[in-house]
Enquirer: 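Can you read through this structure? Questions will come right after.
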Amino acid sequence: QDIDFYEKQYKEEIGDAFKDNILRKKLICAIRLYNENNFRKAIKYLTELKRDCKNPDDYKSVYLFTALCYTDLGAVYPAIEEYRELIKIVPEYFRAYSNLGILYEDCGDFKNANLNFMKSIELKPDNHFAYNNAAHCYFKQHNFDMAIQLANKALEINNNFKQSLSLLAIIYYILKDNENCEKYFHMAVSAGENADELKELFEIYTIEFNKSESENEDER
C-alpha cells in the first residue's frame, strides 16, 4: 500500500526510474523517509542508489530527492552541489534549474538565481512555477517591471495561480497603484489567498522597500 501511494504521489518525479523492482522499491522507501522528515536516513538510501543509476530518470529521481533532503535539513550548499551534479548528467532537466535558482536566491546570489530560473523557463516554457519563481527573485531586487512581466507570464499559463496574483497585488500596493492593487488582491483571495495575511504582507514589504530605498539614498 505504501509503495502504491508514493508511486502515485511522486509519479512525475519518479518517472521510469529503476526498472529493477528491488531498486525501485528502495527508491520508494527513500522517498517515504523523505516524506516522514527522516532526511538523513533517506540520504543514506539515495546515496547507495547512485551507483546503480543508468538512465536519466534514475539520476533525476535520486539526485532530486537527495537535494530536497539537504534543503529541508537547511544544508543549502550540499543541496546546490546535488543539483549541479544532476545538471551535468541530465542537462535538460528543467526542475533542477528552478530549484537551484531558489537556493541561490536564498543565498542572496541573485545573478545565479536569475540565470537558473531563465534556463528552467527556456527548457519548459509552459511551467508557471518557474516564471513565478523568477518574478519573486526580480521583486526582491526591486526590479518591479521585470517582476510584473514574469508574473503575468505565469498567469498566462495559469490564470488562477494565487502566488503570482498575490505578488502583483503587493507590487502595485508598494507602487501606490490602488486600482491594480485592488484588482489583483481580489483575484488572489478568490484563488485561495488569505486576505488578512496578504494585507500584512503589503505592510511588511512596503516597510522593507522604504528602508532599502532610504539606505540606498544614504549611500549615494
Enquirer: Please lay out, stage by stage, how I22 and K26 fare under the test side chain to side chain contact (heavy atoms under 4.5 Å, CB included).
Expert: CA-CA 6 Å; I22 294 173; K26 189 170 184 177; 5.9 Å; no

Enquirer: Quick one: do K50 and D52 make a salt bridge, cutoff under 4.0 Å?
Expert: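 Between D52 and K50 there is no salt bridge, as every charged N stays at least 4.0 Å from the carboxylate O atoms.
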
Enquirer: Can you tell me how far the CD1 atom of I174 sits from the CD1 atom of I207, to the nearest 0.5 Å?
Expert: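 I174 CD1 to I207 CD1: 10.5 Å, rounded to 0.5 Å.
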
Enquirer: Any chance CD of E12 has more than 12 other-residue heavy atoms, nucleotides or ligands included, within less than 6.0 Å?
Expert: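 Open.
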
Enquirer: Search all heavy atoms of F117 against all heavy atoms of I102 and return the closest pair with its distance.
Expert: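 Looking at all heavy atoms of both residues, the shortest contact is CZ-N, 3.5 Å.
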
Enquirer: Determine yes or no for a side-chain-to-main-chain donor-acceptor pair under 3.5 angstrom, with D57 supplying the side chain and D16 the backbone.
Expert: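 The answer is yes, because a donor-acceptor pair under 3.5 Å joins these two groups.
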
Enquirer: Hey, are Y10 and N35 close enough side-chain-wise for a donor-acceptor pair under 3.5 Å?
Expert: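 Checked: N35/Y10 side chains pair up, N/O donor to acceptor below 3.5 Å.
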
Enquirer: Between Y45 and I31, is there a shared hydrophobic cluster once you connect ILVMFWY residues whose side-chain heavy atoms come closer than 4.5 Å?
Expert: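 Unlinked, Y45 and I31 end up in two clusters.
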
Enquirer: Using a strict 4.0 Å threshold on nitrogen-to-oxygen distance, state whether R24 and E7 make a salt bridge.
Expert: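 Judged by the 4.0 Å cut-off on N to carboxylate O distance, R24 and E7 do form a salt bridge.
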
Enquirer: Looking at CD1 of I43 and OH of Y34, how far apart are the two atoms once the value is rounded to the nearest 0.5 Å?
Expert: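 Spacing of CD1 (I43) from OH (Y34) equals 11.0 Å.
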
Enquirer: Salt bridge (Lys or Arg N to Asp or Glu O under 4.0 Å), that's the test. Do D58 and K60 meet it? Break it down for me.
Expert: CA-CA 6 Å; D58 296 348; K60 284 192 286 187; over 6 Å; no

Enquirer: Any Lys/Arg nitrogen of E203 or K199 sitting under 4.0 Å from an Asp/Glu carboxylate oxygen of the other?
Expert: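 A salt bridge is absent here (no side-chain N lies under 4.0 Å from a carboxylate O).
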
Enquirer: Examine F129 and Y131 and state if one hydrophobic cluster contains both, with Ile, Leu, Val, Met, Phe, Trp and Tyr joined whenever side-chain heavy atoms are less than 4.5 Å apart.
Expert: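 As far as the 4.5 Å side-chain criterion goes, Y131 and F129 are not connected within one cluster.
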
Enquirer: Going by heavy atoms in the side chains, are I87 and L100 under 4.5 Å from each other?
Expert: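 Contact flag for I87/L100 side chains = yes.
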
Enquirer: Are any non-hydrogen side-chain atoms of S98 and N116 less than 4.5 angstrom apart?
Expert: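 Side-chain contact under 4.5 Å: no.
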
Enquirer: Mind telling me whether F161 and H128 have parallel, tilted or perpendicular rings, with 30° and 60° as the class edges?
Expert: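 H128 and F161: perpendicular rings.
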
Enquirer: Determine yes or no for a side-chain-to-main-chain donor-acceptor pair under 3.5 angstrom, with N152 supplying the side chain and I148 the backbone.
Expert: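 A pair under 3.5 Å: yes.
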
Enquirer: Applying a strict under-4.5 Å side-chain criterion to I, L, V, M, F, W and Y, I'd like to know whether L46 and Y77 cluster together.
Expert: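 Both belong to a single hydrophobic cluster.
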
Enquirer: Run the salt-bridge test on K211 and E208 with the 4.0 Å N-O cut-off and return the result as yes or no.
Expert: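 Looking at E208 together with K211, the answer is no, because their closest N to O distance does not fall below 4.0 Å.
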
Enquirer: Counting only heavy atoms from other residues, nucleotides and ligands, does the tally under 6.0 Å from CZ of F139 exceed 12?
Expert: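 It does: F139 CZ has more than 12 such atoms within range.
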
Enquirer: Measuring only between side-chain heavy atoms, which start at C-beta, is K111 closer than 4.5 Å to D109?
Expert: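 When only atoms from C-beta onward are counted, D109 and K111 do touch, with a gap below 4.5 Å.
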
Enquirer: Which pair of heavy atoms, one from A130 and one from I121, lies closest together, and at what distance?
Expert: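 Closest pair (atom of A130, atom of I121, distance): CB-CG1, 3.7 Å.
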
Enquirer: Which pair of non-hydrogen atoms, one from A113 and one from G101, has the smallest distance, and what is that distance?
Expert: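 Closest approach of A113 to G101, heavy atoms only: CB-O, 3.4 Å.
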
Enquirer: Please name the pair of heavy atoms, one in A67 and one in E82, separated by the smallest distance, quoted to 0.1 Å.
Expert: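 Of all heavy-atom pairs spanning A67 and E82, the closest is CB-CB, 3.8 Å.
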
Enquirer: Between E182 and Y172, does any side-chain donor sit less than 3.5 Å from a side-chain acceptor?
Expert: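 Per modelled atom types, E182 and Y172 side chains form no pair under 3.5 Å.
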
Enquirer: What do the steps show when you test D106 against V76 for side chain to side chain contact (heavy atoms under 4.5 Å, CB included), and what is the final call?
Expert: CA-CA 9 Å; D106 289 344; V76 174; 5.6 Å; no

Enquirer: Going from CE on M187 to CD on E193, what distance comes out if it is rounded to the nearest 0.5 angstrom?
Expert: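 Going from CE on M187 over to CD on E193, the span is 13.5 Å.
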
Enquirer: Evaluate the side-chain proximity of R95 to L64: yes if any heavy-atom separation is below 4.5 Å, no if none is.
Expert: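 The answer is yes; the side chains approach within 4.5 Å.
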
Enquirer: Where do L49 and R51 land on the side chain to side chain contact (heavy atoms under 4.5 Å, CB included) test, with the steps shown first?
Expert: CA-CA 6 Å; L49 278 169; R51 63 175 175 263; over 6 Å; no

Enquirer: Quick check: is Y104 connected to F94 through a chain of hydrophobic side chains (ILVMFWY, heavy atoms under 4.5 Å apart)?
Expert: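 Yes, one cluster joins them.
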
Enquirer: What I want to find out is whether K183 reaches E179 closely enough, with some N-O distance under 4.0 Å, to be called a salt bridge.
Expert: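 Result for this pair is no, no salt bridge flagged.
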
Enquirer: In Å and rounded to the nearest 0.5 Å, what is the CG to OG distance from N132 to S164?
Expert: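 Answer rounded to 0.5 Å: 3.5 Å.
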
Enquirer: Write down the atom of A169, the atom of F185, and the distance for their closest heavy-atom approach.
Expert: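 Smallest interatomic distance, heavy atoms only, reads CB-N, 3.7 Å.
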
Enquirer: Answer with yes or no after comparing the ring centroid distance for Y173 and Y205 against a 6.0 Å cut-off, counting only values under it.
Expert: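 Distance test on ring centres: not under 6.0 Å, no.
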
Enquirer: Can you see which heavy atom on L123 is nearest to which on P91, and at what distance?
Expert: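 Closest pair (atom of L123, atom of P91, distance): CD1-O, 3.9 Å.
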
Enquirer: T66 versus L86: any side-chain heavy-atom pair under 4.5 Å?
Expert: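 T66 does not reach L86 side chain to side chain.
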
Enquirer: Would you say I170 and F144 are hydrophobically clustered, going by side-chain heavy atoms of ILVMFWY under 4.5 Å?
Expert: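 In one cluster with I170: F144, yes.
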
Enquirer: Are any of the side-chain heavy atoms of R32 and C29 separated by less than 4.5 Å?
Expert: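 Sidechains of C29 and R32: in contact.
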
Enquirer: Say whether N99 and Y83, considering side chains only, have a donor N or O and an acceptor N or O under 3.5 Å apart.
Expert: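 Side-chain D/A pair, N99 to Y83: present.
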
Enquirer: Roughly how far, to the nearest 0.5 Å, is the SG atom of C137 from the CG atom of L150?
Expert: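 Interatomic distance, L150 CG to C137 SG, rounded to 0.5 Å: 9.5 Å.
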
Enquirer: Measure the NZ-CZ distance between K54 and F18 for me, rounded to the nearest 0.5 Å.
Expert: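 Interatomic distance, K54 NZ to F18 CZ, rounded to 0.5 Å: 9.5 Å.
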
Enquirer: Could you go through the side chain to side chain contact (heavy atoms under 4.5 Å, CB included) check for N180 and I171 one step at a time?
Expert: CA-CA 9 Å; N180 273 315; I171 291 171; over 6 Å; no

Enquirer: Hey, are the side chains of Y63 and I89 touching, using non-hydrogen atoms and a 4.5 Å cut-off?
Expert: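 Yes, at least one pair of side-chain atoms sits under 4.5 Å.
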
